[in-house]
Amino acid sequence: MKKTIIIILAVLLVLGIYLKKDNINILGEKIDEFNMVNSYDRLENSKFGIFKDEIVHWTGDKVEISKIGGEEILSLGMNIDEPLIKYGENYIYFANPEEGQIYFVNEKAELVERIETGKKLFSIKEIGDYLVYHNREDSEESIGIVNKKGEKVMRYEFPNENILDYDIDQSGDILVLSKLELEDGSIKSCVEKYESGSKLDNLYFQDEIIINIQLIDKSDVILVSDSNIYRVKGQEILWKKEFDLIKDIKFESNKIYILYSNYLEILDLNGNSEEKMDFNQDYSNIQIKKMGVRGLDIILNSSERFTLIKSNGDIVTKKQIVEQVDFYEDYYFVLDNKKYGKYDIVRRVLETEKEEEK
């Protein structure tokens, strides 16, 4: 009996080697690939986003909201030519940059709050339970903080300044911002810290432009320029790491995800590299998708492809024109120049090695 089993295994091994030589996948190896579930014609000047379990369309003068996979469409008219749109945890925020208004809209396409900032809006961010907005008009700049009820918490004025980026802590008391300063033909960034309206300290970076700020806690911050990442505590630089051409950066679960050149690298908060991936293709954006107990998935995209790096290390790529990528659970929504498509991931048998190379 044992001899028979040994002979059968030997025959299968020889047969497998022979078929492998002819590029035939006898074992039926499976691969993941994106599969389009639905596609929808793109309306002129339209944008879309995912908010909770709804898909949100902006069509030029109104917002339309519908459940993902549902048919009922809720609509709210808004007379804004080119709005700033942010999809937060609490609301969808539509800002009128020219008029300085910000509208809080819920998942039922209802206008919940509206605030007047009084000046042109340059950017808005939802940070924790607060909305932070950046006014920029002529030589006047300011940072305003409102709570989720639209009530003003704090406003900081910066006349004749050039604000680059900003962040607040979870309490809304601490503000850290970076400013660009030009003096005698040189460039430097000034990073300033404020608490409840009062300035605490500042730190200068010569010949660098600090374009991204991430507060870890009240006295601990990550600062990013186009080529360096710093961790600063108080006035002390704990560490600095240099990168060649930083394209995008994300912070999630005490990790730093950096896209630079053709690499994706993951650092811990001590600046140690936990993983580094090399790509033949050029990517410009990172998104992080929380997967509960499964960990985190990473989505990269350029203008001509999007790639999913699954938490188990598997990589799935789709080549197509890409203007925008978003996701909800196991679905991926991709906007190109003609339509937006809804994708999921399917597994199929890879029949030949030659097919895998395609």
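Remember, predicted model here, so these are calculated numbers, not experimental data.
- Linking ILVMFWY residues whenever their side-chain heavy atoms come closer than 4.5 Å, directly or via other members, leaves L296 and L267 in distinct clusters.
- Summarising the geometry, atom CD1 belonging to I258 is positioned 8.0 Å from atom CD1 belonging to I286; distances are rounded to the nearest 0.5 Å.
- Checked against the 6.0 Å centroid criterion, the rings of Y332 and F306 do not qualify as a close aromatic pair.
- Salt bridge absent: E275 and K255 never bring a charged side-chain N and a carboxylate O closer than 4.0 Å.
- Within the 3.5 Å criterion, the main-chain N or O of Y166 finds a donor-acceptor partner in the side chain of K125.
- At distances below 3.5 Å, not a single donor-acceptor pair connects side-chain atoms of E274 with backbone N or O atoms of D268.
- Side-chain contact, N135 with R155: a donor N or O sits under 3.5 Å from an acceptor N or O.
- In this structure a side-chain-to-backbone donor-acceptor pair under 3.5 Å is present from D297 to S311.
- How far CZ of F94 is from OH of Y87: 5.5 Å, rounded to the nearest 0.5 Å.
- Judged by distance alone, the side chain of S189 and the main-chain N or O of I210 form a donor-acceptor pair under 3.5 Å.
- A cation-pi contact, defined as under 6.0 Å to the ring centre and within 45° of the axis, links K342 to Y331.
- A distance of 10.0 Å separates CG in L182 from NZ in K188, rounded to the nearest 0.5 Å.
- Side chain to side chain, E252 and Y257 fail the donor-acceptor criterion of an N or O pair below 3.5 Å.
- Checking S302 against D282 by side-chain atom types alone, no donor-acceptor pair falls below 3.5 Å.
- To the nearest 0.5 angstrom, D201 atom CG is 9.5 Å from E192 atom CD.
- Looking only at distances, no side-chain donor or acceptor of E208 sits under 3.5 Å from a matching main-chain atom of S225.
- Y230 and L245 fall into different hydrophobic clusters, where Ile, Leu, Val, Met, Phe, Trp and Tyr are joined by side-chain heavy atoms under 4.5 Å apart, directly or via other members.
- Between H134 and F122, the ring planes are perpendicular. Angles over 60° get that label, and only those under 30° would be called parallel.
- Salt bridge annotation for K120-E98: present, with a cationic side-chain nitrogen under 4.0 angstrom from a carboxylate oxygen.
- Heavy-atom contacts from other residues, nucleotides or ligands closer than 6.0 Å to CD of E89 number 12 or fewer.
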(request) Take V322 and S303 through the side-chain contact (heavy atoms from CB on, under 4.5 Å) test and state the conclusion after the steps. (result) CA-CA 5 Å; V322 178; S303 60; 5.9 Å; no
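- Interatomic distance, Y130 OH to D169 CG, rounded to the nearest 0.5 Å: 8.5 Å.
- With hydrogens and angles disregarded, a donor-acceptor distance shorter than 3.5 Å links the side chain of K247 to the backbone of S261.
- Listed for the S139 side chain is no donor-acceptor partner under 3.5 Å among the backbone atoms of E161.
- Within the model, atoms CG of L177 and CG of L175 stand 5.0 Å from one another, a figure rounded to the nearest 0.5 Å.
- Listed for the S178 side chain is a donor-acceptor partner under 3.5 Å among the backbone atoms of D165.
- With K119 as the fixed residue, the salt bridge (Lys or Arg N to Asp or Glu O under 4.0 Å) test singles out one of E141, E157, E99: E157.
- The local environment of CD in Q320 is crowded, with over 12 non-hydrogen atoms from other residues, nucleotides or ligands closer than 6.0 Å.
- Taking the six-membered ring for Trp and the full ring otherwise, the centers of F104 and Y93 sit less than 6.0 Å from each other.
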(request) For side-chain contact (heavy atoms from CB on, under 4.5 Å), just list the numbers for D129 and N147, CA-CA rounded to whole Å, side-chain angles, deciding distance to a tenth of an Å, and then say yes or no. (result) CA-CA 6 Å; D129 289 331; N147 61 26; over 6 Å; no
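- Looking at K241, its side chain does come within 3.5 Å of a backbone N or O of G271 through a donor-acceptor pair.
- D32 places no side-chain N or O within donor-acceptor distance of the main-chain N or O of V316, the cut-off being under 3.5 Å.
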